[in-house]
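Presented below is the structure to which this report refers.
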Number of protein chains: 2
Amino acid sequence: MPRSPSPSPPAGQPSTASDAGDAVKAIYVFANEKGGMTDINRGKINEIIAQLSQSSAYTAKLLKSDRRVDETVALLQQKLQRSDEGARRSAAAVVARQVAALEASRRADRCCAVIDFDMFYAAVEIRDRPELADKPVAVGGIGMISTANYVARRWGVRSAMPGFIGQALCRQLVFVRPDFAKYTAVAEVARAIFREYDPKMTAGSLDEAYLDLTDHLHKRARDGGGGGAGDDSGDCDGGGEGERRGTALTGEALGELAGEVVGEIRARVKEATRGLTTSAGIGPNFLLAKIAADVRKPDGQFCTGWSREAVLSFLAPLPVRKVPGVGRVMEKARARKDGAASAVCELLSRAAEARLLFTPGSADSLLRKSLGWEEGGREEAAGEALQKGISCERTFRPTGDEAELGETLRRLCASLAEEMAARQLRGRTVTLKMKTSDFDLLTRDSSAARPVGAAEELQARAVMPLTVAD
Amino acid sequence: MPRSPSPSPPAGQPSTASDAGDAVKAIYVFANEKGGMTDINRGKINEIIAQLSQSSAYTAKLLKSDRRVDETVALLQQKLQRSDEGARRSAAAVVARQVAALEASRRADRCCAVIDFDMFYAAVEIRDRPELADKPVAVGGIGMISTANYVARRWGVRSAMPGFIGQALCRQLVFVRPDFAKYTAVAEVARAIFREYDPKMTAGSLDEAYLDLTDHLHKRARDGGGGGAGDDSGDCDGGGEGERRGTALTGEALGELAGEVVGEIRARVKEATRGLTTSAGIGPNFLLAKIAADVRKPDGQFCTGWSREAVLSFLAPLPVRKVPGVGRVMEKARARKDGAASAVCELLSRAAEARLLFTPGSADSLLRKSLGWEEGGREEAAGEALQKGISCERTFRPTGDEAELGETLRRLCASLAEEMAARQLRGRTVTLKMKTSDFDLLTRDSSAARPVGAAEELQARAVMPLTVAD
DNA sequence: GCACAGACT
DNA sequence: TACTAGTCTGTGC
DNA sequence: TACCAGAAC
DNA sequence: TACTGTTCTGGTA
Ligand SMILES: Nc1ncnc2c1ncn2[C@H]1C[C@H](O)[C@@H](COP(=O)(O)OP(=O)(O)OP(=O)(O)O)O1
Ligand SMILES: Nc1ncnc2c1ncn2[C@H]1C[C@H](O)[C@@H](COP(=O)(O)OP(=O)(O)OP(=O)(O)O)O1
Ligand SMILES: [Mg+2]
Ligand SMILES: [Mg+2]
């Protein structure tokens, strides 16, 4: 039960005529429904953001990239127009059979949960500085905010928002420097608990865990009610799944039990982390659980249910952007004619069209997701999920001084090498990434015969592709 | 009705103990059932081939490549072993639904034909030198045979067989140099006729044509029986397909009429080319028509039928190698445990396995083909089918003389440039292809910003990637 | 493999 | 004044 | 893009 | 003695 902030954000009034161009407003997506309080004073927030961003190089870049997306989408639409009847019919047929097949194989016997800390970095910092509890807090700096507490969010402060804009939105905003060691330690505490419920648990990030509770729920149902996962923990790691299940635990029964278990997990995590709250989603697969985790945020949980009806009525009205993997661009590519964002049901109803616009893989993936099916008609990667890349980058004030740039590169390579050594990692491909003062990104890379790891090797490799050929 | 050859090939007797190793015999595929008379004296033929090839560099290369294939296949099998239950079940499900969907959408309203000249080059040469008619004839040289007439085939002489082996198999074999201009002219004559029946006809090669007869058959059914496509020809090129159909012409009725029409086409072609015979396949799509075209060769035609039963009973017993796109390697990859080649029905029954071994696209393609479905769940490429590459290569006696090699390259580039100019073609990527004396193939290429076409440009580009980096 | 864009936290 | 850092995926060439 | 292998005629 | 020439496709890095 959050206390109300000392000074309140301005009350929401429809903002009238404004100076900042609508195009500029349209590209900034901070003020959307994600997280925090919704719709208190959307107009004011947009106004301030647009005002401050208006003539920046960053805005120019966003507009440019937006135009490119527009062009691409227009091209796709043209392609659609040109596509012949046969192709369209065939696409529709493919979709129809995929839908039928997916529906036919809906299973109600698996239970997945996604657990995500609330305002993670901020929560940790506030826990350690209780006087901040009712103040608007941002973790990050004047350059960039990593996250903000729910108080600050009422002013429109958001993750991935530059600090100075956050400050403009909320004069009293308190900035706190991030302390990753602390977050890592907290994450480890939580994961130890998660593993008691699913030893194969995986982590999506420091603050996010994916648990397959199926086995645990069957154990609990078998061994009788009551709490605690304690002595079960050793049993799960061995052979295949569900060897000892036996109980017919499906659908809503699964959901009910899962709700209790997840509540228990969250309570234990809160206890073990001295008060940090989490939110959770529960569902028949990780995709749905992940989407569900957002529904009762903060400090709540939501279960999608298992039936076709439950799942579809949950998904259908959601904005497509809620679907993991659908970002700014895909949202635009699948927007309605008037530019308004689509809901998931429209993704479904226009799936045949998507089949003509995207690669088979992308179209499949989109369709499966809009039906609430997680990825992995394929291998599902039973393996250990080895790390594939490691990087170190720094943004600095523009300079053309080659000596200075070289020195920066050297330092980056040194840091990277250190980290790689610590984690016993080496790599075959070294990528040099450059950002220009107008935010254009360039990469150049070079692959070595044998993996490299030493700072000097990294640096040498990084520079190689700059000496061009042809 | 072919006359019998003056001297006959040796009668077939099971060849007993032999000098040449079985491994060597196994890799030479000349003596299989494709084309010509089958099984007269398979053992003898294999014996001679193996004897002559035994210790050549070419054989070494084949064996090596064969071992590589074996390894790959073994790896795939291991992968199969390791794949978990879930993956296997999911693959089976995918296959089941694909099969169901494909079966559901079988259509009986299209009629395709593939028409292919018999022993094409040889037939043209023999037509122009009638005294060769009952002699064994090979078109090509002592190095390589492009094709042989049916007389020569009784001795085991085949396309892609080196001339000296052909000669060993058949002492009287007459070699004729190819004359591509003649073959092109003949092809044009035939195509003019084909286009009367399907203006959108496409050519698979000089001697092979793909005709969609659907529209023509409907016209003919509408306008009453009788022969001749003449005045119809102008009607087809306009808008979409079947605008004026109206007649309910499907399945076996379609097949019967198609048989007549294809007979008429083949007669007209024979007439127009002064006696050249063709064989044809008729079926509900080009894949089946193509396979069917081989059944009644030479000078015959075959129709697969349209019903599921007809199609499957036609396909099921065929060796997989009959399926276009399935070659030596895929045949081996899908062979039975004992190494014997599979039939198409086994492709089907082990389709789930294939799904785990190959990429989704390859697995799909294999499955569709084994059900008698042509490719193109996708776009089907309505476009004009622009040429994508052009090349000029020559095999010569091994040399390390760089000046000589350079001069050869110069000449090749000159020829190529000439051809490109004549056809108004240019290209963005120039590939240098090299073959070593032990038949290893290497390519090196380089892409230019703008397309090139001049001999000097080609040559310069070709040499570029030889000056290596790193 | 290389370059780039997109996505997520 | 000021618009991150780290990891992964997909696509096209 | 670059390289390789397979396939077809 | 001698084992092609042309085009396309797909996979992998
Ligand atoms: N754009 C970003 N850049 C850098 N760090 C980020 C960014 N977004 C999120 N993070 C970090 C800070 C967050 O506390 C942590 C977890 O992210 P996330 O779960 O999305 O938000 P959150 O935990 O801060 O709030 P919520 O209550 O919405 O979950 O990851
Ligand atoms: N491997 C090859 N190398 C070069 N040219 C070839 C090769 N195979 C075939 N050709 C040429 C010569 C053929 O006459 C022509 C048509 O091939 P194809 O239809 O397969 O055989 P064919 O027409 O000679 O005999 P048939 O069709 O009666 O079996 O293409
Ligand atoms: Mg969170
Ligand atoms: Mg032929």
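Every chain is numbered from 1 and lettered A, B, ... according to where its sequence line falls, protein lines coming before strand lines.
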Quick one: list whatever passes ring pair (Phe, Tyr, Trp, His ring centres under 6.0 Å) with [X], sequence neighbours left out.
X        : result
B/Phe358 : none
A/Phe164 : none
B/Phe439 : B/Tyr58
B/Phe117 : B/Phe120

Expressed as a whole number of angstroms, how long is the span from [X]:[atom1] to [N]:[atom2]?
X        : N     : atom1 : atom2 : result
B/Phe358 : E/dG6 : CZ    : C1'   : 13 Å
B/Tyr183 : E/dC9 : OH    : P     : 17 Å
A/Asp66  : C/dA5 : CG    : C1'   : 13 Å
A/Glu71  : C/dC4 : CD    : C1'   : 16 Å
A/Leu366 : C/dG6 : CG    : P     : 16 Å
A/Asp294 : C/dC8 : CG    : C1'   : 12 Å
A/Leu432 : C/dC2 : CG    : C1'   : 13 Å
A/Lys332 : C/dG6 : NZ    : P     : 11 Å

[N], OP1 or OP2 - any side-chain N/O from [X] closer than 4.0 Å?
X        : N      : answer
B/Arg428 : D/dC13 : no
A/Arg68  : C/dG6  : yes
B/Arg444 : E/dC4  : yes
A/Thr431 : C/dC2  : no

Q. Does any nucleotide pair with F/dC3 by Watson-Crick or G-U wobble geometry, both distances under 3.5 Å, and what is it?
A.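 None - no nucleotide pairs with F/dC3, as no candidate has both distances under 3.5 Å.
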Q: Could you tell me which nucleotide pairs with E/dA2 by Watson-Crick or G-U wobble geometry, both distances under 3.5 Å, or answer none if nothing does?
A: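 For E/dA2, the partner nucleotide comes out as F/dT12, under the 3.5 Å rule.
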Contact class for [X] (heavy atom, under 4.0 Å): base, sugar-phosphate, or nothing?
X        : value
A/Val323 : sugar-phosphate
B/Leu62  : nothing
B/Asp116 : nothing
B/Val430 : nothing
A/Val139 : nothing
B/Lys290 : sugar-phosphate
A/Met330 : sugar-phosphate

Q: Would you kindly check whether a donor in the side chain of A/Ser53 faces an acceptor in the base of D/dC3, or vice versa, at under 3.5 angstrom?
A: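 When only heavy-atom distances are counted, A/Ser53 does reach the base of D/dC3 through a donor-acceptor pair under 3.5 Å.
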Q.
Using a 4.0 Å heavy-atom cut-off to protein, can you give one letter per nucleotide of nucleotides 4-11 of chain D, 5' to 3': B if the base is in contact, S if only the sugar-phosphate is, - if neither?
A. BSSBSSSS
**Q.** Ionic contact status for A/Lys61 with A/Asp438, cut-off 4.0 Å
**A.**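 No salt bridge links A/Asp438 with A/Lys61.
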**Q.** Check ion pair B/Lys290-B/Asp116 (N to O, under 4.0 angstrom)
**A.**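 B/Asp116 and B/Lys290: not salt-bridged.
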Please measure how far the [atom1] atom in [N] lies from the corresponding atom in [M], and state the result in whole Å.
N      : M     : atom1 : value
F/dG10 : C/dA5 : P     : 27 Å
C/dC8  : F/dT6 : C1'   : 48 Å
D/dA2  : C/dA7 : P     : 27 Å

Q: Starting from the 5' end of DNA chain E, give me the residue, B/Thr443 or B/Gly325, whose nearest nucleotide shows up first.
A: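 Taking each residue's closest nucleotide, the earlier one in sequence belongs to B/Thr443.
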Q.
I want to verify a distance call: between C/dC2, C/dT9, C/dG6, whose nearest atom is closest to the A/Ser205 side chain?
A.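 Nearest listed nucleotide: C/dT9.
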Q | Residue A/Arg328, side-chain heavy atoms: nucleotide from E/dC3, E/dC9, C/dA7 that is nearest | A |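 Of the candidates, C/dA7 comes closest.
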Q | CD (B/Glu418) with more than 12 external heavy atoms under 6.0 Å | A |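 Check fails, neighbour count at 12 or below.
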**Q.** side-chain contact (heavy atoms from CB on, under 4.5 Å) partners of B/Glu71, counting only residues at least two apart
**A.**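 For B/Glu71, no residue satisfies side-chain contact (heavy atoms from CB on, under 4.5 Å) once neighbours in sequence are set aside.
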Q) Mind checking whether B/Tyr183 and B/Tyr121 have parallel, tilted or perpendicular rings, split at 30° and 60°? A)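 B/Tyr183 vs B/Tyr121 ring planes: parallel.
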